[in-house]
Chemist: 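After the structure tokens below, expect a handful of questions from me.
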Amino acid sequence: QALVPAEEAALEYLFQYGYLQKPLEGPHVFSPEDIMEALRAFQQASELPVSGWLDDATRARMRQPRCGLADPFNQKSLK
Amino acid sequence: YLLLGRWGKKHLTFRILNLPSTLPSHVARAALLQAFQYWSNVTPLTFQEVKTGWADIRLSFHGRQSLYCSNTFDGPGRVLAHADIPELGSVHFDEDELWTEGTYRGVNLRIIAAHELGHALGLGHSRYTKALMAPVYAGYHPYFKLHPDDVAGIQALYGKKIPETRDEEEMELSTVSPVPTEPSPMPDPCSGELDAMMLGPGGKTYAFKGDYVWTVTNSGRGPLFRISALWEGLPGNLDAAVYSPRTQRIYFFKGDKVWRYINFKMVPGFPRKLNRIAPNLDAAFYWPFNKKVFLLKGLGYWQWDELAPVDFSRYPQPISSLFTGVPPQPSAAVSRHDGRVYFFKGKKYWRLNRQLRVEKGYPRSIAHDWMHCHPQTPDATLSSGVTTGSVMKRTLTTTLSVTDPTLNADTVLGLTPSATD
């Protein structure tokens, strides 16, 4: 609820493209650790500095035109 | 690369259900067909277009809402397209995007189509940001080609192309050095014989004479430019010129050499020496009905498939066996989108119908019909063969201005998408 619109959009992006997975059971609330983990995966896949924080470069990358299919990237697949 | 699935067969049909409004239909179709070729060039996959009925892969453009697709688009920008994995076959493009070809503006249809076809063939997103299958659009590249990761991925699914053939011309051999030429006098479009005519990218018709080139449209002709100011490294006094919408390539012929360009950029490795066809061609044109390039010399012609091995031992064939009523040794030839072919010789031209037969009423005057030249009057002409002062001044000004290397040839010629004929 405290997210500003830009952060909401980033969260939506991470969710829409497969970096954040909704749990099958329990509340659909992502913990800060989940979000940082997803951001790290996105940054790593995008060849951005990996911080786990929603910085300007990460926001800019998320605004770029792209394919509508989800990405397969998570820490396991990247490894 | 990531693999999402594969088709159980290697010959796939496809159908183009509709096209974007931002591109001429022949340009959009050529872009989509080229997208298939990127994949068929490196695998045993073959693709066949069908115009009706079911197809394995179906390409279409839709907007924010679609009756047939649950994945909506989001207007210009952001999501550009999406596709289903094998063996579903849907490939959808956002019709709200500015789909373009041959320009850095908008979104390149050919590259995005190739990406989506990668999904339709079973590839997921690559983590190499420079790969075609990277999820984010990296922009237009004039010399676009598949990334090694793309090739490795698709070959992991379908194997390598056998036999491995280069996506290069069979008729060319060794690389030769460009030969500098001395400038020739500025020609008068209203007189003299043309060297070459070409229906080029963007649907522009170019006329070549000596060291100069100009465009001709239904409403008039454009200013003259030095050929080398537009196509750097290209000499004047060409034998023939032809643009292939199938591959986006422009071929220029002179003597025993061929130059290949994409738009106004010479492809590295060119010019090359013609090896398997005669030098000093008379004319060349692309025939859209069979997607072949026709090369004319004397009384014979060669039919050349750019993307498949050609048995040139069958050629030359007599021009008269295929073209009825045309003059021998034309100076230029060009075909239009509607399949009509035009032969030029001297001051006259001949129009051929789709059966390659000269139509009634031809030959007609090139100067009148193509160059928009009108009967000379004292006000309009200083002397025979000399254009008016205003026209000459405009021509000289423009010709000088294009020597400025900072000018973009697209802009100078008005080839940006906003320009209309």
Side-chain angles (χ1 to χ4, degrees), chain A residues 3-22 24 28 30 33-79, chain B residues 1-5 62 64 66 69-85 88 90-94 96-100 106-109 111-120 122-140 153:
Chain A
L3 290 176
V4 298
E7 289 170 331
E8 273 187 14
L11 203 59
E12 178 62 27
Y13 186 103
L14 294 172
F15 175 65
Q16 182 177 352
Y17 295 111
Y19 294 91
L20 275 173
Q21 305 283 337
K22 276 186 181 175
L24 294 174
H28 291 177
F30 299 112
E33 291 75 24
D34 292 337
I35 297 171
M36 290 187 74
E37 178 80 3
L39 280 170
R40 276 194 289 270
F42 176 76
Q43 290 163 339
Q44 192 172 348
S46 305
E47 297 179 352
L48 295 170
V50 179
S51 65
W53 295 99
L54 185 60
D55 51 27
D56 289 344
T58 304
R59 283 195 187 92
R61 186 70 174 181
M62 288 178 172
R63 284 195 294 267
Q64 289 189 282
R66 60 160 293 150
C67 174
L69 264 69
D71 302 333
F73 313 124
N74 53 42
Q75 291 303 332
K76 186 177 176 183
S77 70
L78 289 170
K79 185 178 179 181
Chain B
Y1 58 83
L2 182 79
L3 307 181
L4 301 177
H62 70 74
R64 292 173 186 267
S66 170
C69 179
S70 58
N71 272 336
T72 60
F73 283 121
D74 53 6
R78 297 185 183 265
V79 179
L80 306 174
H82 53 234
D84 286 334
I85 62 172
L88 298 174
S90 292
V91 175
H92 294 165
F93 303 89
D94 186 348
D96 290 332
E97 304 297 338
L98 176 61
W99 297 106
T100 58
V107 181
N108 186 271
L109 177 59
I111 294 173
I112 297 298
H115 175 103
E116 298 305 328
L117 285 175
H119 288 318
L123 290 178
H125 282 152
S126 167
R127 67 156 300 185
Y128 286 94
T129 55
K130 290 184 177 169
L132 170 67
M133 295 312 297
V136 172
Y137 174 51
Y140 169 68

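Just so we're clear, the structure is a prediction, and the values are computed from it rather than from any experiment. Naming convention: chains lettered A, B, ... in sequence-line order (proteins, then strands); numbering from 1 in each chain.
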Chemist: Does atom OH of B:Tyr128 have more than 12 heavy-atom neighbours, drawn from other residues, nucleotides or ligands, at distances under 6.0 Å?
Modeler: no
Chemist: If you count heavy-atom pairs under 4.5 Å between each of B:His119, B:His125, B:His82 and chain A, which one has the most?
Modeler: B:His125
Chemist: Taking B:Gly77, B:Ala138, B:Ala83 one by one, which has the highest count of heavy-atom pairs under 4.5 Å against chain A?
Modeler: B:Ala83
Chemist: With heavy-atom distances below 4.5 Å as the criterion, would you say the side chains of B:Arg78 and A:Arg63 are in contact?
Modeler: yes
Chemist: Nearest heavy-atom pair of B:Glu116 and A:Cys67: which atoms, and what distance?
Modeler: OE2-SG, 3.1 Å
Chemist: Could you pull out all residues at least two apart from A:Asp55 that satisfy side-chain contact (heavy atoms from CB on, under 4.5 Å)?
Modeler: A:Gln43, A:Ser51, A:Ala57, A:Thr58
Chemist: To the nearest 0.5 Å, what is the distance between CG on B:Leu4 and CG on A:Leu69?
Modeler: 7.5 Å
Chemist: Going by heavy atoms in the side chains, are B:Glu97 and A:Pro65 under 4.5 Å from each other?
Modeler: no
Chemist: Please name all residues satisfying salt bridge (charged side-chain N to carboxylate O under 4.0 Å, His left out) with A:Arg66, sequence neighbours left out, ordered by chain then number.
Modeler: A:Asp71
Chemist: Tell me, for B:Leu80 versus chain A, whether the close heavy atoms (under 4.5 Å) come from the side chain, the backbone, both or neither.
Modeler: both
Chemist: Do B:Thr129 and A:Arg61 come close enough that some side-chain heavy atom pair is under 4.5 Å?
Modeler: yes
